[in-house]
Amino acid sequence: MLSESSSFLKGVMLGSIFCALITILGHIGIGHGNRMHHHEHHHLQAPNKEDILKISEDERMELSKSFRVYCIILVKPKDVSLWAAVKDTWTKHCDKAEFFSSENVKVFESINMKTSEMWLMMRKAYKYAFDKYSNQYHWFFLACPTTFAIIENLKYFLLKKDPSQPFYLGHTIKSGDLEYVSVEGGIVLSIESMKRLNSLLNIPEKCPEQGGMIWKISEDKQLAVCLKYAGVFAENAEDADGKDVFNTKSVGLSIKEAMTNHPNQVVEGCCSDMAVTFNGLTPNQMHVMMYGVYRLRAFGHLFNDALIFLPPNGSDND
């Protein structure tokens, strides 16, 4: 009797492990059969200043006015202090920024997604943005409320990228065969990627609302799974020296790690001068970042920027 019970328990355990493996492999393998051609992951770099200087002054001025980014920030009521800090700081530099909330919040204007599931919030926010703004914006930047973004650096990075191509970029992470852009560093989609994603949102076999049979996968992984079906693959964003420009950690933590790993090159070993995002910030740290990035000035020192991005009309950015 004891032997039969033991055999039964072993069978249950082996069956559970087998189901779990099938689920994982199913998610990781999605999209391989639909590829039109083999895609090699590559690292995307920012344009060189010399290339920008080759553009005429008139063209540069036109670019500064016409290059527009729409920002999506996913929030929940428990994030209200972060929400306030994000609203008062970097989102002023977006050409348009909107907050997508899990429910109505009286103190701040937001678009109610009527769900607290992050993947459902993300896909609903993308659909809303595409349906309403596909004719107005070519680049869509999604962030969580602990992220601080330098939108001018994002625009500079994207300057020579064609939004009619399927760009999906940020800080990439590899999970098995799946490469995805971490939501912690922010996610950038071109209008072409938005079109392809939008075409899949109503096809459950390719872009399901639920991420797994046994356990859920994170929203950023689920986005990558859906985009793979559309032939859109994650790209890591870097500066000319190969440093990441989308960071999943705060400046303080990055510097602390650099002091440990590169004690003789703290700054060089830490962060790119062209950094677009940092993550894991508190509300106070958001305001400190705003001060350091936008308000602190060294009088007598001039930066000869190749291009200046003008704020959108009616913006109160500083």
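Below, each value reflects all heavy atoms present in this structure, side chains not excepted, and no hydrogens, waters or symmetry copies.
- In this structure, the side chains of L82 and K76 stay at 4.5 Å or more apart for every pair of heavy atoms.
- Scanning for disulfide (SG to SG under 2.5 Å) contacts around C144 gives an empty result, with sequence neighbours left out.
- Aromatic pair F278/F148: ring centres not closer than 6.0 Å.
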**Asked** Can you list the steps and then say if I173 with H171 is a side-chain contact (heavy atoms from CB on, under 4.5 Å)?
**Response** CA-CA 7 Å; I173 297 174; H171 178 89; 4.0 Å; yes
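- Salt-bridge check for K228 with D177: failed, with every basic side-chain N at 4.0 Å or more from each acidic carboxylate O.
- No donor-acceptor pair under 3.5 Å is formed between the side chain of T147 and the backbone N or O of A143.
- In summary, the side chains of N279 and N247 do not present any donor paired with an acceptor at a separation below 3.5 Å, with no hydrogens or angles considered.
- A cation-pi arrangement is present between K161 and F157 under the rule of less than 6.0 angstrom and at most 45 degrees off the ring axis.
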**Item:** Pair L197-Y229, side-chain contact (heavy atoms from CB on, under 4.5 Å): steps then yes or no
**Value:** CA-CA 9 Å; L197 175 63; Y229 265 118; over 6 Å; no
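- For Y70 and F141, the gap between ring centers reaches or exceeds 6.0 Å.
- Proximity of E103 to K114: side-chain heavy atoms (C-beta onward) are nowhere separated by under 4.5 Å.
- Between Y168 and E235 the shortest side-chain heavy-atom distance does not fall below 4.5 Å.
- Looking at residues two or more places apart in sequence or on another chain, you find a salt bridge (charged side-chain N to carboxylate O under 4.0 Å, His left out) between E257 and K249.
- Counting heavy atoms from C-beta outward, L223 and Y180 have side chains that stay 4.5 Å or more apart.
- Counting only distance, with no hydrogens or angles, the side chain of S175 and the backbone of L178 share no donor-acceptor pair below 3.5 Å.
- Taking the six-membered ring for Trp, F67 and H138 have ring centres at least 6.0 Å apart.
- A heavy-atom distance below 4.5 Å is found between the side chains of H287 and D88.
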**Message:** Between Q222 and D220, does the side-chain hydrogen bond (donor to acceptor under 3.5 Å, both in side chains) criterion hold? Intermediate values first, please.
**Reply:** CA-CA 5 Å; Q222 186 61 57; D220 42 13; over 6 Å; no
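- The backbone N or O of N104 lies less than 3.5 Å from no partner atom in the side chain of S101, so there is not a single donor-acceptor pair.
- Among residues at least two apart or in separate chains, disulfide bond (SG atoms under 2.5 Å apart) pairs with a member in residues 155-210 are C207-C226.
- Contact annotation: the side chain of I72 never approaches that of F99 to less than 4.5 Å [non-hydrogen atoms, C-beta and beyond].
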